[in-house]
Amino acid sequence: MKIPAAHSFDCTPKEAILLQERLRRQVIPHGDPGVIHLIAGADASYAKGEDVIYAAVVVLTFPELTPVEYAWAEAETTFPYIPGLLTFREGPALLEAFRKVQSEPEVILFDGQGIAHPRSLGIASHMGVLLDRPTVGVAKRLLTGTVDEPARDRGATSPITSRDEVIGMAVRTKSRVKPVYVSVGHRIDLKPAVRLVLAADRGYRLPEPTRQAHLFSNTVRRHGGGSVKAVQTTLL
DNA sequence: GCGACAG
DNA sequence: ATCTTGTCGC
């Protein structure tokens, strides 16, 4: 993937918030990716006390959801985890991983919020603007907004609202299991975003793209990059 | 001032 | 997010 040059992430929390309020204007919360052939999932992991972030991107065919590419990168960070500023901790590593992706996925799913964020710039939206591609946020917990419990069956949804506006959708990807919180990242409408998350799910709570990215980032972190070739051979 | 608070 | 074994429930 050809990644446009990004702004600096070397800043203080206060500066980060100012940057978010400036970048939020570049988010395009509408669109439809059209026919999708490749879909990607991105996630990051790290060891408890350390400041090394392991980012992973897994590209899978759609709608088969067969993994066809694994990319990863590790990057040092000094930015702490602060609710609302997640991108400043995981973003740099994720961008490095994306630069290594050879294929061209038409849409990317992130582990976290899109516009369902205090400043409408969750990690999916922020990365979407920097990558200039359609993105969707799939979070396991709510950061902001209110929502009612969706019905218990798979496919049930319930709108996430904030300030009397719908900012996302709670989606039950698996019957009787906690829902995931979907919100628009960039260049996509909520409707197709929700449709995509359900179509990319294979019986687990998390859709395959982010689920695979999560598993892969942990594999790289624990077994090291030296064993990745063997891992990829096994997975592919 | 108090509580909430993605990963 | 991560630290960790077994264990209760569908």
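As the structure is a prediction and not an experimental result, all values here were calculated from the model. By convention in this document, chain letters (A, B, ...) are assigned in the order of the sequence lines, proteins followed by strands, and residues within each chain are numbered from 1.
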Participant: Side chain of A:Arg221 only, please: which of C:dC10, C:dC3, B:dG7 is the nearest?
Facilitator: C:dC3
Participant: Say whether, by atom type as modelled, one donor and one acceptor occur between the side chain of A:Ser8 and the main chain of A:Asp10 under 3.5 angstrom.
Facilitator: yes
Participant: Can you check whether A:Asn218 has a side-chain N or O nearer than 4.0 Å to OP1 or OP2 of C:dA1?
Facilitator: no
Participant: Mind checking if A:Arg176 touches a base, just sugar-phosphate, or nothing, with heavy atoms under 4.0 Å?
Facilitator: sugar-phosphate
Participant: Measure from the side chain of A:Arg141, starting at C-beta and using heavy atoms only, and say which of C:dC10, C:dT2, B:dA6 lies closest.
Facilitator: B:dA6
Participant: Looking at B:dG7 and A:Tyr81: do their rings stack (centroid distance under 5.5 Å, interplanar angle under 30°)?
Facilitator: yes
Participant: Just how far, in rounded Å, is C1' of C:dA1 from NE2 of A:His214?
Facilitator: 8 Å
Participant: Is a salt bridge present between A:Glu104 and A:Arg133, judged by a nitrogen-to-oxygen distance below 4.0 Å?
Facilitator: yes
Participant: Can you identify which nucleotide, out of C:dT2, B:dA6, B:dG7, has its nearest atom closest to the A:Pro83 side chain?
Facilitator: B:dA6
Participant: Using atom CG of A:Leu86 as one end and atom C1' of C:dA1 as the other, report the distance to the nearest whole Å.
Facilitator: 9 Å
Participant: Phosphate oxygens OP1/OP2 of B:dG7: is one of them under 4.0 Å from a side-chain N or O of A:Lys140?
Facilitator: yes
Participant: May I ask you to establish whether A:Arg211 and A:Tyr204 are in a cation-pi arrangement, using a distance under 6.0 Å from NZ or CZ to the six-membered ring centre and at most 45° from the ring axis?
Facilitator: yes
